[in-house]
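By convention in this document, chain letters (A, B, ...) are assigned in the order of the sequence lines, proteins followed by strands, and residues within each chain are numbered from 1.
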2 protein chains.
Amino acid sequence: MAINIPDPIRKQCEEKGGLEGIIAKLPEARSLKARAKLFQALGDPMRLKILFALDEQPLCACLIREVLGISDSKLSYHLTVLKQAKLIAGKKQGQWIIYGLTELGNQVVRMIGKF
Amino acid sequence: MAINIPDPIRKQCEEKGGLEGIIAKLPEARSLKARAKLFQALGDPMRLKILFALDEQPLCACLIREVLGISDSKLSYHLTVLKQAKLIAGKKQGQWIIYGLTELGNQVVRMIGKF
DNA sequence: TCACCATTTCAACTTTATTTGAAACAAAGT
DNA sequence: ACTTTGTTTCAAATAAAGTTGAAATGGTGA
């Protein structure tokens with residue numbers, strides 16, 4: 001451990017097995033990366049709005065577009081991000097694709113509500 | 001409401017007062033933006049790691065740097081992002097600045113643990 | 001087959017985030 | 001005053017995310 005650090009911090013740190021001890025308790029890189037990706041998908045107002053809209057009811061892309069008032073291709077981009085994060089899923093129904101929250105999406109929307 | 005949409009979706013939508021009804025239930029732009037900003041701060045593995053480390057115990061910047069193995073200025077950048085999101089706060093103690101989770105930071109770390 | 005509709009893809013572009021290394025600061029000890 | 005130490009700031013560079021409008025896809029029904 002570095003020599004020059006505040007005493008109370010050093011003590012507390014040594015009780016945990018030093019820096020090594022702390023490092024050992026942290027999640028692995030893989031896990032951190034996966035979670036960061038999830039949160040990154042949530043890090044955009046438009047995408048949050050899509051999630052809230054789908055929490056009301058499943059919607060086809062064209063209705064989501066109406067709700068958000070954005071272009072088709074812009075919407076498609078954001079839907080892709082949400083799909084990749086497994087927060088939403090679409091299934092074909094006639095000529096439309098109906099999007100809805102996944103189980104993860106549901107959990108996440110409930111979580112977001114607390115912040 | 002758009003004329004051409006799948007029937008079950010239209011029905012469900014009309015029960016809610018049409019698109020207007022759905023739009024009315026969505027959070028305001030201000031609120032969406034604020035939350036997006038919070039999640040954006042969480043959208044980076046290094047920053048998540050910092051939060052987990054501080055969840056173990058408060059640490060001075062130099063120890064966080066040791067834990068992460070990154071440069072001073074890089075660390076400082078990420079600390080700034082976390083500070084701005086009010087997830088962490090630092091207070092001077094002697095020659096060091098000791099960082100710790102805020103109350104929000106605490107709640108958030110507990111939340112992250114579920115995903 | 002043809003035209004149409006909902007949606008996606010693409011490449012070019014703009015914007016925002018992150019990294020870098022050097023310099024600046026501010027407090028503490030000499 | 002001078003140096004050291006811990007931390008932040010800055011401007012320049014790089015990388016990643018988001019936007020645009022046009023074109024492509026793929027299914028539907030005339």
Side-chain angles (χ1 to χ4, degrees), chain A residues 1-10 19 32-33 36-50 54 58-85 88-100, chain B residues 1-10 19 32-33 36-50 54 58-85 88-100:
Chain A
M1 196 185 323
I3 296 197
N4 219 13
I5 50 171
D7 273 349
I9 301 292
R10 168 189 283 124
L19 273 197
L32 290 169
K33 216 169 146 187
K37 216 175 160 189
L38 170 64
F39 291 121
Q40 197 175 225
L42 299 174
D44 178 288
M46 240 177 253
R47 291 197 289 265
L48 291 181
K49 204 167 178 181
I50 293 173
L54 295 182
L59 293 168
C60 54
C62 52
L63 283 184
I64 303 176
R65 175 169 46 67
E66 299 289 318
V67 169
L68 300 193
I70 60 179
S71 72
D72 283 336
S73 67
K74 198 167 173 175
L75 173 63
S76 199
Y77 169 71
H78 289 294
L79 289 178
T80 300
V81 174
L82 292 170
K83 271 184 281 180
Q84 283 173 350
I88 68 173
K91 62 176 172 184
K92 192 131 217 178
Q93 219 159 96
Q95 70 189 296
W96 301 276
I97 297 175
I98 310 296
Y99 283 98
Chain B
M1 195 185 324
I3 297 199
N4 220 12
I5 50 171
D7 273 350
I9 301 293
R10 167 190 283 123
L19 274 197
L32 289 169
K33 217 169 145 187
K37 217 174 159 190
L38 170 65
F39 291 120
Q40 198 176 223
L42 298 174
D44 178 287
M46 240 177 254
R47 292 197 288 266
L48 291 180
K49 203 167 178 181
I50 293 173
L54 295 182
L59 294 167
C60 54
C62 51
L63 283 185
I64 303 176
R65 176 169 44 68
E66 299 289 317
V67 169
L68 299 193
I70 59 178
S71 71
D72 283 337
S73 66
K74 198 167 173 174
L75 173 63
S76 199
Y77 169 71
H78 288 294
L79 289 178
T80 300
V81 174
L82 291 170
K83 272 184 280 180
Q84 283 173 350
I88 68 173
K91 62 177 171 182
K92 193 131 216 177
Q93 220 158 95
Q95 71 189 295
W96 302 275
I97 298 177
I98 310 296
Y99 283 96

note: L48(B), atom CG; dT18(C), atom C1'; distance rounded to Å ~ 16 Å
Could you run down the sub-3.5 Å N/O contacts of the protein with nucleotides 20-26 of chain C?
from, atom 1, to, atom 2, distance (Å)
dT20(C), OP2, K74(B), NZ, 3.4
dG21(C), N7, S73(B), OG, 3.4
dG21(C), O6, S73(B), OG, 3.3

Result for 5'-nearest mapping on DNA chain D, choosing between M46(A) and G94(A), is M46(A)
Heavy atoms of L59(B) and L54(B) approach each other most closely as N-CD2, 3.8 Å
Rounded to whole Å, the CG-P distance (L68(B) to dT19(C)) equals 11 Å
In whole angstroms, the gap separating P of dA17(C) from CD of Q40(B) amounts to 5 Å
Rounded to whole Å, CG of L59(A) lies from P of dA6(C) at a distance of 15 Å
So CZ of R65(A) and CG of L79(A): to nearest 0.5 Å the spacing works out to 11.0 Å
Polar-atom pairs under 3.5 Å, protein N or O versus N or O of nucleotides 1-7 of chain D: list them with distances, or write none.
from, atom 1, to, atom 2, distance (Å)
dG6(D), OP1, N4(A), O, 3.3
dG6(D), OP1, N4(A), ND2, 3.4
dT7(D), OP1, A61(B), N, 3.1
dT7(D), OP1, I97(B), N, 3.3
dT7(D), OP1, I97(B), O, 3.4
dT7(D), OP2, C62(B), N, 2.5

I9(B) atom CD1 is separated from dT7(C) atom P, nearest whole Å, by 11 Å
Can you check whether Y99(A) reaches K91(A) side chain to side chain, under 4.5 Å on heavy atoms?
no
Margin query: I want to check one thing: is the phosphate of dA17(C), taken as OP1 and OP2, less than 4.0 Å away from some side-chain N or O of H78(B)?
Written below: no
In this structure, CD1 of I5(B) is separated from CD of Q95(A) (nearest 0.5 Å) by 11.5 Å
Under 3.5 Å, which donor-acceptor pairs do the side chains of residues 36-44 of chain B form with other protein atoms, sequence neighbours left out?
from, atom 1, to, atom 2, distance (Å)
D44(B), OD1, M46(B), N, 2.7
D44(B), OD1, R47(B), N, 3.2

Rounded to whole Å, NZ of K49(B) lies from P of dT18(C) at a distance of 17 Å
D44(B) CG to dA17(D) C1', in whole Å, measures 14 Å
- Tell me, with the steps shown, if T80(B) and Q84(B) meet side chain to side chain contact (heavy atoms under 4.5 Å, CB included). CA-CA 6 Å; T80(B) 300; Q84(B) 283 173 350; 3.8 Å; yes
To the nearest 0.5 Å, atom CD1 of I88(A) lies from atom NE2 of H78(A) at 11.5 Å
Is a side-chain donor or acceptor of S76(A) paired with a backbone partner of D72(A) at a separation under 3.5 angstrom? no
From NZ of K91(B) across to C1' of dT8(D) the rounded distance in Å is 21 Å
Separation between CD1 (I9(B)) and SG (C60(A)), nearest 0.5 Å, reads 6.5 Å
